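Single-structure report; data block below.
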Protein chains: 2
Amino acid sequence: MKITQNIKIAVDAVVFGYHNNQIQILLIQQKFGKKQWALPGGFVLDKETLDEAVIRELKEETGVKANYLEQLYTFGATQRDERLRVISVAYLALINPNNYILKADTDAKDAQWFDIYDLPELAFDHKDIIAVGLERLKAKINYQPIGFELLNTKFPFSDLENLYQTILNKKLDRRNFRKKLLSFGILQETDQYQKVGSGRPAKLFKFNKKKYKELEQNGFHFEIKFA
Amino acid sequence: MKITQNIKIAVDAVVFGYHNNQIQILLIQQKFGKKQWALPGGFVLDKETLDEAVIRELKEETGVKANYLEQLYTFGATQRDERLRVISVAYLALINPNNYILKADTDAKDAQWFDIYDLPELAFDHKDIIAVGLERLKAKINYQPIGFELLNTKFPFSDLENLYQTILNKKLDRRNFRKKLLSFGILQETDQYQKVGSGRPAKLFKFNKKKYKELEQNGFHFEIKFA
DNA sequence: CATTTATGTGTACTGTTTACACAAAGGTAC
DNA sequence: GTACCTTTGTGTAAACAGTACACATAAATG
């Protein structure tokens, strides 16, 4: 079988973090040309799967390890990169505060977090890729418990609430939000409280992943719907 | 920039049709080796986008033109094809009864429809790809009006109802289904009736795509939820 | 013309979503 | 230490959406 195809395949990661009530994205500065900011990513090696490629590139370029990763979309326009034809398989990754810190022992010195609504000029079609990633996050947060991946293991309800409000960009009723989330039975109260400045201390909760998987098996479906 | 990457990129299409109250899938018989059945698809040409590649391959291999097409998932395992490393971008396609007929003027003589629950042995990981496609169809039919793409332009309500029941593999209440669908205001009554054997003739309806797009713009969201 | 088959229609019940306000726990400023 | 500020925690009534359910209508068939 002879195929003369001159296309290279790469992976790129849209990595979201949640910090200071903002959705942030992890970008790296290119080392060549205009030194534009770009998504972490790179060419797939002959002997690794796509998933392996993203994980490797993320580690090499930023030092972080995502605690959620899913394939997003494959971008295959003919003029994405002016140098040669590159098809890129984009991934969506979520990082929690523990993994948020960029380890300096790698190439990570060129990596930086940006507010999703205040992005620099981006290389290639990376702006489009980010848009698709954000859309996916917005949609998915409503029907899969992926929001927890952006929070600490133990978190006050207000964090969860703010996270949803930030991502969905709308105000939610505190009482109804809490009631709904608790009704699923996938949140576990801890006996710890968190004090931040003034105000009543907040009870900390944990996401009970095991319980969620169990319920899911039995046909339970996480779903939030607020006007 | 030098990259030594020895990977080829292909596209494959999971093409669904609806016939005799069955979900069917379009497969082609391979011309080499064990002549197994496989999804229509092939290698991407250097100067075409991924979408263009699927459309071209579908036409060449089966003579059909999908009236709905969306990217599904990219399969990048290292051992998909024993001959060489191939990464495949899979697409989901829907065909309506008008396009259902395989035109014999092409390579289509090797193409055939199969009941989705009665598949032959399949090449590569195509069985997995079909599973992903079916899952997507099942999920998406609930929140996007893609079911209509599988029906004639004018259809009786019972067709729509059977389509949903077949795809979701569960019985739906006729009255509630009709009430819900009509409540959206995206179905247009025609003044035509369809008689099939005995029984009261059924009024024919049309999907009003323009109206749907209009409503969608104003924040309307197609959504079906039945126990 | 009696029987069979498929279409077409309404209502009461149940569960879910929404809107909404005040008490409790702690901090801060005087 | 007390008045005030800030944040957390909680219930209920009204509106809406989903569910369960049965009989009349239009045609074909024998």
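Naming convention: chains lettered A, B, ... in sequence-line order (proteins, then strands); numbering from 1 in each chain. All figures in this text were calculated on a predicted structure; none of them were measured in a lab.
Taking the charged nitrogens against the carboxylate oxygens, B:Arg56 and B:Glu60 do have a contact shorter than 4.0 Å, which makes a salt bridge. Between A:Glu161 and A:Arg178, none of the side-chain N atoms (NZ, or NE/NH1/NH2) sits under 4.0 Å from a carboxylate O, so this pair counts as no salt bridge. Salt-bridge check for B:Lys127 with B:Glu121: failed, with every basic side-chain N at 4.0 Å or more from each acidic carboxylate O.
Within 6.0 Å of NZ on A:Lys206 lie no more than 12 heavy atoms contributed by other residues, nucleotides or ligands.
In this structure, OH of B:Tyr193 is placed 9 Å from P of D:dA27, rounded to the nearest angstrom. As rounded to whole Å, 13 Å separates atom C1' of C:dT17 from atom CD1 of A:Ile224. Here D:dG18 presents its P atom at 11 Å from CD of A:Glu223, a figure rounded to the nearest Å. Remark: P of D:dA20 and CZ of B:Arg174 are 16 Å apart, rounded to the nearest angstrom. Following rounding to the nearest Å, B:Leu172 (CG) and D:dG18 (C1') show an atom-to-atom distance of 13 Å. Nucleotide D:dG11 holds its C1' atom 12 Å from the CG atom of A:Asp173, rounded to whole Å. Between the P atom of C:dT7 and the CZ atom of B:Phe177 lies a distance of 13 Å, rounded to the nearest Å. As a whole-Å value, the separation of A:Lys225 NZ from D:dG18 C1' is 14 Å.
Close to D:dT8, at under 4.0 Å from its OP1 or OP2, lies a side-chain N or O of A:Ser158. For C:dA19, neither phosphate oxygen OP1 nor OP2 lies less than 4.0 angstrom from any side-chain nitrogen or oxygen of A:Arg175. Distances shorter than 4.0 Å separate none of the side-chain N or O atoms of A:Lys180 from OP1 or OP2 on C:dT16. Put simply, B:Arg178 has a side-chain N or O that comes within less than 4.0 Å of OP1 or OP2 on C:dG8. At C:dG8, none of the side-chain N or O atoms of B:Lys203 fall inside 4.0 Å of OP1 or OP2 (strictly under the cut-off).
Nearest-nucleotide mapping onto DNA chain D: of B:Gly199 and A:Pro201, the residue sitting toward the 5' end is A:Pro201. Mapping A:Arg200 and B:Leu182 onto DNA chain C by nearest heavy atom places B:Leu182 closer to the 5' end of the strand.
You'll find the ring centres of B:Tyr73 and B:Phe75 inside the 6.0 Å limit.
Relative to the side chain of A:Asn176, the nucleotides C:dT18, C:dG8, C:dG26 differ in distance, and C:dT18 lies closest.
Judged by atom type and distance alone, A:Lys179 reaches the base of D:dT12 through a side-chain donor-acceptor pair under 3.5 Å.
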